[in-house]
Amino acid sequence: MPVVQWSPALLLGLFTVCSCVDEECIVGIVGHPVLLPCYPHTDLLRLQNVTLEWREEGEVVLKAEWKQDGDVLVWSLNSASIANNALHTGNLSLSLPRVSPKEDQRVYSLVMTPAENGSLLLCSRCLKTAG
Ligand SMILES: *[C@@H]1O[C@H](CO)[C@@H](O)[C@H](O)[C@H]1NC(C)=O
Ligand SMILES: *[C@@H]1O[C@H](CO)[C@@H](O)[C@H](O)[C@H]1NC(C)=O
Ligand SMILES: *[C@@H]1O[C@H](CO)[C@@H](O)[C@H](O)[C@H]1NC(C)=O
């Protein structure tokens with residue numbers, strides 16, 4: 001696997017390719033699972049020591065850390081999950097097992113924190129509840 005330095009050019013590239021920061025609302029049925037889709041077009045696979053955080057209105061609900069040796073550490077609240085191989089497939093969607101009425105109009109965002117300096121917004125999704 002090629003080693004890629006985390007350069008300003010790469011950061012810029014991530015910003016410019018990410019057209020995913022639109023706030024389309026996903027409708028979730030109360031008591032049912034919902035998927036907040038996120039397929040950022042970034043070359044995440046080539047990065048090492050990547051940490052991703054899904055945040056609900058700024059509060060971390062899931063944190064996944066991909067180590068250089070291939071280990072994945074995942075921590076989450078309320079059984080929120082993403083696919084274990086998310087970094088490889090680019091499918092960083094967040095699964096919530098049960099939508100609660102209090103989650104209406106909440107904004108979920110996925111940020112990547114590759115370096116001490118940077119956190120990059122990869123996706124932002126709002127959730128509307130129904131039912
Ligand atoms: C990833 O983390 C390991 C262990 O902390 C470190 O040795 C390595 O240099 C890191 N790689 C990058 C690209 O930051
Ligand atoms: C993305 O991953 C989620 C599970 O995390 C899965 O439910 C969904 O079907 C996947 N999307 C695609 C297009 O494979
Ligand atoms: C972090 O940001 C500071 C100021 O913006 C910059 O001087 C420094 O080089 C950056 N470090 C990295 C690792 O990007």
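Reckoned from all heavy atoms, side chains included, excluding hydrogens, waters and symmetry mates. Just follow the structure's listing: the first ligand is 1, and inside any ligand the first atom is 1.
For the pair Leu36/Leu127, a side-chain contact is recorded, criterion being any heavy-atom separation below 4.5 Å from C-beta on. For the pair Gln105/Lys128, a side-chain contact is recorded, criterion being any heavy-atom separation below 4.5 Å from C-beta on. The side-chain heavy atoms of Leu77 and Glu59, taken from C-beta on, include a pair separated by under 4.5 Å.
In terms of modelled atom types and a separation under 3.5 Å, the side chain of Ser76 and the main chain of Val61 share no donor-acceptor contact.
Here the options are Leu120, Leu52, Thr51, the test is side-chain contact (heavy atoms from CB on, under 4.5 Å), and the partner is Thr113; only Thr51 passes.
Scanning for side-chain hydrogen bond (donor to acceptor under 3.5 Å, both in side chains) contacts around Ser81 gives an empty result, with sequence neighbours left out.
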Hey, what polar pairs (N/O, under 3.5 Å) does ligand 2 make with protein?
| from | atom 1 | to | atom 2 | distance (Å) |
| --- | --- | --- | --- | --- |
| ligand 2 | 2 (O) | Asn91 | OD1 | 3.4 |
| ligand 2 | 2 (O) | Asn91 | ND2 | 2.4 |
| ligand 2 | 11 (N) | Tyr39 | OH | 3.0 |
| ligand 2 | 11 (N) | Asn91 | ND2 | 3.0 |

